There are 2 protein chains.
Amino acid sequence: MYSKELLKGTLTAIILKLLAENEKMYGYEISLHVRELTGGKIHLKDGSLYPALQKMTADGLLSFKEEYIGKRIRKYYYLTKKGQKEKIAYLEELKDFMITLNKIVFPQIKTA
Amino acid sequence: MYSKELLKGTLTAIILKLLAENEKMYGYEISLHVRELTGGKIHLKDGSLYPALQKMTADGLLSFKEEYIGKRIRKYYYLTKKGQKEKIAYLEELKDFMITLNKIVFPQIKTA
DNA sequence: TAAATATACATAGAATTATGATGTATAAAA
DNA sequence: TTTTATACATCATAATTCTATGTATATTTA
């Protein structure tokens with residue numbers, strides 16, 4: 001696990017990216033996906049993920065529809081039009097930042 | 001300029017890296033250096049930099065000695081033994097995190 | 001020479017956001 | 001039947017950067 005501060009500012013980008021690829025996902029699914037994709041290195045906590053999804057929904061980036069699996073509720077989130085647009089800007093910014101940071105901290109590594 | 005949150009968790013690593021390369025630097029010099037290295041894209045604010053330097057000093061990563069340029073004070077910071085050791089861990093973690101993040105968000109980019 | 005800008009430090013309060021702790025409840029597996 | 005996994009949620013806390021503000025000296029420019 002990484003020092004928590006590193007994740008800051010990247011969680012939104014991660015969620016946007018996953019939803020851009022998968023069309024609709026529920027919270028727990030996102031959590032499992034991230035854990036899998038990173039070999040357990042990034043483990044989104046409930047207390048981080050659910051508030052983030054709610055905030056992004058409030059900001060108009062996401063929307064959701066509820067489905068019932070038996071008696072259990074599941075909220076499938078998906079990108080809104082706005083979310084699709086802003087995804088591009090978010091990821092661009094993150095990419096640019098990572099390239100810039102690389103220049104300072106790991107000048108020997110070349111990022112395409 | 002990047003959305004402020006992105007920088008979180010990276011500032012310490014940036015300072016450690018610069019001081020590892022330059023032996024001793026004062027705050028304003030670090031600020032100018034970062035601005036130059038990033039083409040103005042990362043602009044450390046006074047309110048971020050000076051408290052960070054103080055915290056790192058309190059944590060035993062840095063030490064400083066004051067010099068007077070005319071009447072003006074200058075605090076030259078340098079890495080302590082502890083700072084030299086922890087620099088390695090910090091940068092390793094950051095590097096690992098960036099590679100991991102890349103896998104999720106930019107799977108097409110290969111980081112060495 | 002006066003004004004503006006750059007240098008150089010600093011702190012306090014605000015804002016952001018991930019986490020830890022805690023809670024509810026159902027389904028599946030041991 | 002007890003434990004573990006699934007699935008949601010909230011609140012208080014911690015951590016950290018930024019904004020705003022302040023002090024003061026040195027240099028450049030009008």
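So that the names make sense, note that chain A is the first sequence line, chain B the second, and so on, each numbered from 1. Model, not experiment: these values are computed from the prediction. Below, each value reflects all heavy atoms present in this structure, side chains not excepted, and no hydrogens, waters or symmetry copies.
Separating the CG atom of Leu6(A) from the C1' atom of dA15(D) is a distance of 13 Å, rounded to the nearest angstrom. One can place CZ of Phe97(B) at 12 Å from C1' of dA18(C), the figure rounded to the nearest angstrom. Between the NZ atom of Lys45(A) and the P atom of dA14(D) there is a distance of 17 Å, rounded to whole Å. Straight-line distance from the CD atom of Glu36(A) to the P atom of dT6(D): 11 Å, rounded to whole Å. Put simply, CG on Leu61(B) is 12 Å from P on dT16(D), counting in whole angstrom units. Distance, Ile42(B) CD1 to dT17(D) P: 12 Å, rounded to whole Å. Atom pair Tyr68(A):OH and dA25(C):C1' shows a separation of 13 Å (rounding to whole Å applied). In this structure, Met56(B) places its CE atom 11 Å from P of dT16(D), rounding to the nearest Å.
To the nearest 0.5 Å, atoms OH (Tyr90(B)) and OG1 (Thr12(B)) are separated by 5.0 Å.
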Would you mind writing out the side-chain donor-acceptor pairs for residues 28-36 of chain B within the sub-3.5 Å range, not counting sequence neighbours?
residue: Glu29(B); atom: OE1; partner: Tyr26(B); partner atom: N; Å: 3.2
residue: Ser31(B); atom: OG; partner: Arg35(B); partner atom: NH2; Å: 3.4

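Residue contacts for Leu11(A): at a heavy-atom cut-off of 4.0 Å it reaches the sugar-phosphate backbone alone, with no base atom in range.
Using cut-offs of 30° and 60° for the angle between ring planes, the Phe97(B) and Tyr2(A) rings count as perpendicular.
Using a 4.5 Å cut-off on side-chain heavy atoms (C-beta onward), Met25(B) and Leu19(B) make contact. When side chains are defined from C-beta on, His43(B) counts as touching Lys45(B), because their heavy atoms get closer than 4.5 Å.
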Report summary line: Readout for nucleotides 8-15 of chain C: B = base within 4.0 Å of protein heavy atom, S = sugar-phosphate only, - = neither; 5' to 3' it is SBBB----
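Counting non-hydrogen atoms of other residues, nucleotides and ligands closer than 6.0 Å to CD of Glu66(A) gives a total above 12.
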